[in-house]
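Worksheet: one structure, shown below.
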Amino acid sequence: MKLKFFLLDTDYIIEKGISKIRLWGKSADGKNGVVFFDSDPYFYVLPSDIKRAKSEIERALEKKKLRIKGIEEVEKKLSGELRGFLKITCLLPQDTQKVRDAIKVLEKERGGTGSVIDEYEYAINFYRRFLIDKRIDGNCWLEIEGEKKDTDYRVDFAINARKINVLEDISIPELKLLAFDIETFEVAGKKRIVMASFYGRGLKRVLTDQKASYPDWVDLVKDERELLQGIVKTFQGYNPDIIVTYYGDSFDFQVLNERCQANKVKLIISKDKSETKFTRRARISSARLKGIVHIDIFNFISNILSPGLQTEVLTLDAVSSELLGDRKIEVDYQEMLEAWRKGKNLLKLAEYCLKDAELTYRLAELLLPQSFEISKTVGQICFDVSRMTYGQLVEWHLSREANERGEIIPNQPKYAEILKRKKATYVGGFVKEPTAGIHENISVLDFRSLYPSLIVSFNISPETLNCDCCRGDGYRVPGLDYWFCKRRQGFIPSVIKGLIEKRGEIKRRLKELKKSSLEYKVFNNRQYALKIIANATYGYFGFAGSKWYSKECAESCTAFGRYWIKKTIEEAKNRGLEVIYADTDSLFLKTRNKEIERETEEFLDYINKKFPGVLELDLQGYYERGIFIPKGASKGTAKKRYALVDKNGELLIRGLETVRRDWCSLAKEVQRKVLVFVLKEKDLKRAKDYVKGVVEKIRKKEVLLRDLIIYEELTKPIESYKQIGPHVMAAKKIRERGGEVGEGMLVMFVITRGTGSISERAEPVEFSSLEEIDSDYYIHHQVLPAALRVLQVLGVKGEELAC
DNA sequence: ATGAATCGGGG
DNA sequence: GTGTACGATTCAT
């Protein structure tokens, strides 16, 4: 039989000693299914003497009693050079590492005969390698040929495939999304789930076991065990294709799993009826449900979107407010706890819980299409892609491109090598520190994809670096003793050129499409995916864990970049424009007269004619006023700090917001208001008076204790702290007074008067009062630093505000 | 200054 | 072992 099949998820199993890839997805008529495909794991060996290597490998494997499927001679490119390799085909995915271990001892450095030089691609995950080999574009339509198979899975069909083809169809079928969220409280020192919410098309439900009168979208159950059973049943009953959470990898599913174990409830949601798996990837484990894609949208936001967001904290509230223009329901954490304990106001808690699921759902609706297009560019499934960092996206994209070009994928560096690389530094982009203070009539310009353009224009790639053929006439790197080949295109430039060309083609098509059409949205997401991968590739040259690491390439990129931005600054100055601030690929300009728009446009016309082909300066926007804070202005980081306000009065704040939770809310409020007074109302005096007023109020204790609370989490057991910070000290005090403290607890504390370090004076908020608080601490360590971060550049001194 | 320790997102 | 992060910030020496 033949079937059109949309791929959602991939994994593998071993059945009767045979490795099988499992493809989970949907048929064109909306049925859920699974496809099995036999596949063999393999890797490559680079021999010095191919015949001798082959016989020595066979002997070595025999000695270790390791069985393999076969050895064959193949030709592959290593750094652009065609070489003879041995392809070792194994029986099971876990064998590749074992077989490789038995072979590596033949290398000379490891005391062998030297018939083997190195091994490659032995650590590539089995199903990901399958996707690369089959040229499958992550989430895409496939044509499956095969016959029916019997399984006990919760699916509509199962197929044993003989043939799999990728189809050219950009559509995405209707997918059932279900957002999920839980609320937990510590009851008698133990964390338990008190509420759960689901949000999907046709399903808006909250489950809880605390009695109250609820509307009909709340299901009341008997106890936590029934609540957990209800959660599992709801998942199974709704049968979603995709489950979305916000931070579910590290919180919701972790807690759900713990509570299910404690209550002896089986957490079986997946389609093969296996329990929810937590696969550790680096620090966090991801919660994986076989056959159902769990997307923790926080990962995608944190890894991919965060640099482009205004907010510096990635709370669901801040992210939703920026991306959706909607916010969480405002509930004070302590109020919520009270509500639960007393069984009062529970409707608000239920609404809060459902709203979280709704926001998560809407974020997913907005962001999943982007993640799907990244999947197609990178060639991996969205479960993985949605959790990848930029470096990993680039790596998988390059791996797939290398495979297509018959290039061997280089090995990951060893740990010692990574440490060495981390020590190696090179000069970064050019930064012209901002002229401190307020500026008016500003235009912001940036180079369109600066580094990708430079990589293609100057053929920057590890194997084109200092080539023999262009000694003396290659592309010279300004200020460095390097050159790049002019005769044959390098691997990285050829990959990036492909991305740029594809993006150009899509952008042309976009012009012919209606903005509201589905096609427009799909293509727009795709051009965005191509752009972010192209832009991130430069960083991958200099990333310590990179498979295509080249410090020389990375520093050549920045050297070319510095050369061109400096030249641009010169030209701007020559034309009477003032450069307030420049960083790597962006410039902030102003003029003496008010005609910034006309002058900027003329400048752009002029300068773009002077640049070599692909390099182009773009207008990012015009702003009425802006405040710039140079690096040394106040103690703090090297981060860029500025705030701009446009004609419509919209504030754009970068690097300034002290919205982190280790600042009390009063300090956050003060900084925001100061910015508004200074930038929007142009009233420095009012800003100063306002801060003075707040300082006075703190002295007179006319503020609310809740605005002084600092929140910090105990991220590990309290005994294991070497450095006793304020939150650790406060937690210890809670325990001394008979309270329960544990890992993962959010400690709420204030700083009180007295002697000793700040840590020693940290008091849990429940044991403290406004009377005891240390006004000086709140004035000098919270409110003034937050205000001065802005006001200092306007010549305001701390003493002026608090005398 | 430099290096070690800690935190984030969730509740 | 189906990838043990990473970058910013603060504390301790």
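Values reported hereafter were calculated over all heavy atoms of this structure, with side chains retained and with hydrogens, waters and symmetry mates removed. Lettering follows sequence order; numbering is per chain, from 1.
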| task | Using a heavy-atom cut-off of under 4.0 Å over every strand shown, decide if Ser302(A) touches base, sugar-phosphate, or nothing. | result | nothing
Winner on side-chain proximity to Asn125(A), out of dT2(C), dG8(B), dG10(B), is dT2(C)
DNA chain C nearest-nucleotide lookup for Pro726(A) and Phe126(A): closer to the 5′ end is Phe126(A)
Requested in this report: Tell me what Lys422(A) touches on the nucleic acid: a base, only sugar-phosphate, or nothing, going by heavy atoms under 4.0 Å.
Outcome: nothing
- Just do the salt bridge (charged side-chain N to carboxylate O under 4.0 Å, His left out) check on Asp9(A) and Lys271(A) with the steps written out, would you? CA-CA 11 Å; Asp9(A) 200 15; Lys271(A) 293 193 169 159; over 6 Å; no
Testing dC7(B), dG3(C), dT2(C) for proximity to the side chain of Glu712(A), the answer is dC7(B)
How is Ile182(A) classified with respect to the nucleic acid when contacts are heavy atoms under 4.0 Å: base, sugar-phosphate, or nothing?
sugar-phosphate
Taking dG11(B), dT2(C), dG10(B) as options, the one with an atom nearest any side-chain atom of Asp11(A) is dT2(C)
- NZ/NE/NH1/NH2 to OD/OE distance under 4.0 Å, Lys64(A) and Asp101(A): no
Of the candidates dG3(C), dT2(C), dG10(B), the side chain of Lys290(A) sits closest to dT2(C)
For a quick check of understanding: with a heavy-atom distance under 4.0 Å over all strands, which category does Tyr127(A) fall into, base, sugar-phosphate or nothing?
base
Gln392(A) has its side chain closest, among dT2(C), dG3(C), dC7(B), to dG3(C)
Output for pair (Met336(A) CE, Asn345(A) CG), nearest 0.5 Å, gives 12.0 Å
From the candidates dT2(C), dG11(B), dG10(B), the one with an atom nearest any side-chain atom of Met336(A) is dG11(B)
### Side-chain N or O of Tyr721(A) closer than 4.0 Å to phosphate OP1/OP2 of dC7(B)
yes
Among the nucleotides dG3(C), dG10(B), dG11(B), whichever has the atom closest to the side chain of Tyr246(A) is dG10(B)
- request: Report which part of the nucleic acid Phe543(A) touches: base, sugar-phosphate, or nothing (heavy-atom distance under 4.0 Å, all strands).
  value: sugar-phosphate
Take the angle between the ring planes of Phe130(A) and Phe37(A) and call it parallel below 30°, perpendicular above 60°, tilted in between.
tilted
Arg259(A) atom CZ is separated from dG10(B) atom P, nearest whole Å, by 21 Å
Any N/O donor-acceptor pair, Trp340(A) side-chain to dG11(B) base, under 3.5 Å:
no
For this session: For Gln94(A), report the nucleic acid contact type (base, sugar-phosphate, nothing); a contact means any heavy atom under 4.0 Å.
Result: nothing
message = Under 6.0 Å between ring centres: does that hold for Phe198(A) and Phe235(A)?
response = yes
Do Glu395(A) and dG3(C) have a side chain to base donor-acceptor pair shorter than 3.5 Å? yes
